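Have a look at the structure below, then the notes.
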Number of protein chains: 2
Amino acid sequence: MVTGRAASPPTQANAEDPIVFVIDDDASVRDALSNLFRSVGLRTVAFGSAHEFLQHKPADVPSCLILDIRLPRLSGLDFQAELAKAGIHIPIIFMTGHGDIPMTVRAMKAGAVDFLTKPFRDQDMLDAVTTAIDRDRNRRDEAKVLANLRAAFATLTPRERQVMTLVTAGLMNKQVAAEIGVAEITVKIHRGQIMRKMAAKSLPDLVRMAGILGIGRASGGAQT
Amino acid sequence: MVTGRAASPPTQANAEDPIVFVIDDDASVRDALSNLFRSVGLRTVAFGSAHEFLQHKPADVPSCLILDIRLPRLSGLDFQAELAKAGIHIPIIFMTGHGDIPMTVRAMKAGAVDFLTKPFRDQDMLDAVTTAIDRDRNRRDEAKVLANLRAAFATLTPRERQVMTLVTAGLMNKQVAAEIGVAEITVKIHRGQIMRKMAAKSLPDLVRMAGILGIGRASGGAQT
DNA sequence: GTTGCGACTAAACCTAAGTATGGTCCTCCC
DNA sequence: GGGAGGACCATACTTAGGTTTAGTCGCAAC
């Protein structure tokens, strides 16, 4: 249910399979969780501290993080904040033996997937992990699309970017030309170059790309 | 800070001002909160039960709801679920004297703005209300735009909708014509009609509308 | 100092888009 | 049975979009 693969025999590890990371200073907790996740065919990597987790090279597959709110050095909440500040957006599931409501609120506001109180039912943890992995998969997919678009956009010259902004805002070539003070033919040539570099198959395609890139918040367009 | 208006003298009520709704069976809590919100110039309406709140006609201004988790009949959480099911998306701030973490998690997952434990600091409540009102304002703005677009889209004939889908997907008139089995000139005429009815100022404009309306999940477009 | 590149432009040419005007055919409704 | 409106199409015309070829200018790197 959690992955698409058979649960019972720990099948061959696949580089595409999601990973569950566990951070807890209690070895017995780490073992119990590892066993739980392995029993449903999920790859699991456990750490005794936040520091160790950071040493580990970031996995390039959908993953999530199980975190005890009470960590050796810094609190789970602070670690969550640090990850966010560092641009690491792995979904987090908190566990706690004696947490309180303000902690819970802070964690959830900061985007935590769930906040489980010990002892919790295995199924609750597995459900949370499923949600977290799905969320990460979506996030990664979107990030990938965005990265590709940004890479393409980076190959545009300043002038081409300017033209792309105005064209996707709905201005006609003639209007773009007047706006930036060049001849219409020049705009056409820039435009062709933009379509090629961005690999846009049509103007609507380019408009959608601009939307994803957050370009040109202008409202309207051209009047005839 | 909470509203844009002076706090001290309870100025004239304005139909555009946001409203804070309070539901609590304890009259002293209702009074205390009403006083707090009035002191910063916020319109406040208090109720003793969820039922009374539902009797009240829904306000057409940005608003939020302060809810005790323990309500006379049904719990605050259940009421939250009911509102969601009824399509009422007012942001909710929960208060509780003796809540627990699972309740908190459930409320936050369901979109609650905050979850305050009594006794709370006035400022925490005011901050939560500010956030909630802002969130509702944005939601309302987006809903309004969407409603207008849907109204315009509803005036399109079936054929026009079909053409709009294909055109915003990036097909050329010629390709649209082949796709639906009509002459190119017919597509052009539909297209002009679409631009008029949707009040789109340009093709990019129409593409954005289609995006908001969730039309045409096709990826690409036309090849030359 | 020349090579590469971004920016710009003209001329010529072709395709796509858009707007009348005028008309047919069909269906639903009063 | 006589609209009203949706869908369709042709002819004619105008404007917009886009490519190719060919060339100028300026600047920065080698």
Side-chain angles (χ1 to χ4, degrees), chain A residues 150-211 215-216 218 220-224, chain B residues 150-211 215-216 218 220-224:
Chain A
R150 277 216 248 260
F153 189 66
T155 70
L156 299 187
T157 67
R159 206 42 148 181
E160 285 163 356
R161 274 174 220 166
Q162 192 181 12
V163 171
M164 175 167 168
T165 301
L166 296 171
V167 164
T168 55
L171 298 208
M172 292 183 307
N173 290 341
K174 192 181 300 185
Q175 295 173 304
V176 173
E179 184 83 23
I180 67 179
V182 301
E184 191 185 347
I185 182 68
T186 307
V187 174
K188 289 184 180 180
I189 288 170
H190 284 320
R191 199 167 162 161
Q193 197 67 15
I194 292 164
M195 297 300 280
R196 256 187 304 281
K197 286 186 178 177
M198 298 298 293
K201 299 195 215 86
S202 62
L203 178 57
D205 215 14
L206 192 70
V207 171
R208 275 185 286 271
M209 290 178 185
I215 289 170
Q223 70 291 349
T224 309
Chain B
R150 278 214 248 259
F153 190 66
T155 70
L156 299 186
T157 67
R159 210 35 150 187
E160 286 163 357
R161 274 174 220 165
Q162 193 181 11
V163 171
M164 176 167 166
T165 301
L166 296 170
V167 164
T168 55
L171 299 206
M172 292 184 307
N173 290 341
K174 192 182 302 187
Q175 295 174 307
V176 174
E179 184 82 22
I180 68 179
V182 301
E184 191 184 345
I185 183 68
T186 307
V187 174
K188 288 184 181 180
I189 290 171
H190 284 320
R191 201 168 162 161
Q193 197 66 15
I194 292 164
M195 296 299 281
R196 257 186 305 280
K197 286 187 179 178
M198 298 297 294
K201 300 193 216 86
S202 61
L203 178 57
D205 214 14
L206 191 71
V207 171
R208 275 183 287 270
M209 290 179 185
I215 289 171
Q223 68 291 347
T224 310

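These figures come from a predicted structure and were not determined experimentally. A, B, ... follow the sequence lines: proteins, then strands. Residue 1 opens every chain. All heavy atoms count here, side chains included; hydrogens, waters and symmetry mates do not.
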Problem set entry | B/Q193 side chain reached by B/I189 side chain, heavy atoms, under 4.5 Å |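 No, too far: nothing below the 4.5 Å cut-off.
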When you get a sec, tell me which of [options] is the closest nucleotide to the side chain of [X]?
| X | options | value |
| --- | --- | --- |
| A/T157 | C/dA7, C/dT9, D/dG17 | C/dA7 |
| A/I185 | C/dA11, D/dA7, D/dA10 | C/dA11 |
| B/A183 | D/dA10, C/dG18, C/dA7 | D/dA10 |
| A/H190 | C/dA7, D/dG17, C/dA10 | C/dA7 |

For this session: Indicate yes or no for a side-chain donor-acceptor contact from A/R159 to the backbone of A/V187 under 3.5 Å, with no hydrogens or angles considered.
Result: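 Checking the backbone N and O of A/V187 against the side chain of A/R159, no donor-acceptor pair under 3.5 Å is found.
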Exercise. Do the side chain of B/K197 and the main chain of B/T155 share a donor and acceptor less than 3.5 angstrom apart?
Worked result: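 Yes; at least one donor-acceptor contact below 3.5 Å.
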For this session: Figure out the CD1/P separation between A/I180 and C/dC8, and round it to whole Å.
Result: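 Whole-Å distance recorded here is 6 Å.
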Problem set entry | Touch class at under 4.0 angstrom, heavy-atom based, for A/T186 against every strand present |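 Answer is base: heavy atoms of A/T186 come under 4.0 Å of a base.
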Exercise. A/L203 near the nucleic acid: base, sugar-phosphate alone, or nothing, with a heavy-atom cut-off under 4.0 Å?
Worked result: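 It contacts nothing in the nucleic acid.
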Exercise. How do A/G192 and A/K174 order along DNA chain D: which one's closest nucleotide is nearer the 5' end?
Worked result: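 Counting from the 5' end, the first nearest nucleotide belongs to A/K174.
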Exercise. In terms of the nearest nucleotide of DNA chain D, which residue is placed more toward the 5' end: B/K188 or B/R159?
Worked result: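 Per heavy-atom nearest nucleotide, the more 5' residue is B/R159.
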Exercise. Roughly how far, to the nearest 0.5 Å, is the NZ atom of B/K188 from the NZ atom of B/K174?
Worked result: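 Result: 9.5 Å between the selected atoms.
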